[in-house]
Amino acid sequence: MAAVKIPYRDIPASRDGNGYITINGTTYPAFKIAKLSPRAEMKMDSKQFLGERVEQSATRGVRHTFDLDYYMMSSVMVQAVKDYEDGGEYPDISIQYYAEKTKRGRQEVLLTGVILENVGFGALDDSSDNSQVHSTTGTFDDFQIVSKYKD
């Protein structure tokens, strides 16, 4: 099978993404994405049978994780974390992002069942006027491909 050459200029750049929180059926902005790296991590089981030199592996499931840099949390998100701390339920968080290029079209993905490992409420830095960016890791239960690139 011959490799298909795709010019670098046609490789989409990801430029937009947001986090959302749904409370009582209403969806609110939670944060603006600065950088996101979602992935599917295969759960592997490996075994080297007696008398064999080569270990064999098999996939036994998948775990969805991500690394996230984001701009300041919205007040609605901060309040939802406080409500959770006070005995409420963990908020329903989703992340939606896309990459687009004229020739390739747009691919948009929605992550659902998002759990953030930590939530930054703010930052003070008297040596910087830059936007506040926080970092976290997390997991998500599922994802949907809202739109796909043109093949």
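Computed from heavy atoms alone, side chains included, the values below leave out hydrogens, waters and symmetry copies. Since the structure is predicted, the reported quantities are computational estimates derived from the model, not experimental observations.
The minimum heavy-atom distance between Pro29 and Tyr20, with the atom names listed, is CA-CD2, 4.1 Å. Contact detail for Val114 and Phe66: the closest heavy-atom pair is CG1-CZ, 3.8 Å.
Ring geometry for Tyr70 versus Phe31: interplanar angle of 30 to 60°, hence tilted.
In Phe121, the CZ atom is crowded: over 12 heavy atoms of neighbouring residues, nucleotides or ligands sit closer than 6.0 Å. Around atom CZ of Arg63, no more than 12 heavy atoms belonging to other residues, nucleotides or ligands sit under 6.0 Å away. In the displayed structure, Glu89 atom CD is contacted under 6.0 Å by at most 12 heavy atoms of other residues, nucleotides or ligands.
You'll find the side chain of His64 reaches within 4.5 Å of the side chain of Val62, heavy atoms only. In this structure, Val119 and Met73 have side chains that are in contact, with non-hydrogen atoms separated by less than 4.5 Å. Within the 4.5 Å cutoff, no side-chain heavy atoms of Asn118 are placed close to those of Leu116. Side-chain contact check for Gln96 versus Val146: some heavy-atom pair is nearer than 4.5 Å. The closest side-chain heavy-atom distance from Ile23 to Val76 is below 4.5 Å. Leu110 is listed as a side-chain neighbour of Thr112, based on a closest heavy-atom distance under 4.5 Å.
Here the side chain of Ser46 pairs no donor or acceptor atom with the backbone of Ser57 at under 3.5 angstrom. Looking at Arg39, its side chain does come within 3.5 Å of a backbone N or O of Ser37 through a donor-acceptor pair. Counting only distance, with no hydrogens or angles, the side chain of Gln48 and the backbone of Glu52 share a donor-acceptor pair below 3.5 Å. Within the 3.5 Å criterion, the main-chain N or O of Met77 finds a donor-acceptor partner in the side chain of Ser74.
Residues Val78 and Ile93 share a hydrophobic cluster, clusters being chains of Ile/Leu/Val/Met/Phe/Trp/Tyr side chains in contact below 4.5 Å.
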Open item on the list: Test side-chain contact (heavy atoms from CB on, under 4.5 Å) on Phe140 and Ile95; report intermediate values, then the result.
Closed with: CA-CA 9 Å; Phe140 57 100; Ile95 295 175; over 6 Å; no
Open item on the list: Would Leu111 and Tyr97 count as a side-chain contact (heavy atoms from CB on, under 4.5 Å) here? Give the steps.
Closed with: CA-CA 9 Å; Leu111 311 180; Tyr97 64 94; 4.3 Å; yes
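Looking at Glu41 and Thr65, their side chains do bring a donor and an acceptor atom within 3.5 Å of each other. Side-chain contact, Ser135 with Asp69: a donor N or O sits under 3.5 Å from an acceptor N or O.
Here the straight-line distance linking atom CG of Leu36 with atom CD1 of Ile33 works out to 5.0 Å at 0.5 Å rounding. In this structure, CD in Glu108 is found 11.5 Å from CD in Gln144, a value given to the nearest 0.5 Å. Taking OG1 of Thr137 as the start and CG of Leu68 as the end, the distance is 9.5 Å to the nearest 0.5 Å. Note that CD of Gln132 is 5.5 Å distant from CE of Met72, once rounded to the nearest 0.5 Å.
Between Asp67 and Lys35, no side-chain nitrogen of the basic residue sits less than 4.0 Å from a carboxylate oxygen of the acidic one, so the salt-bridge criterion is not met.
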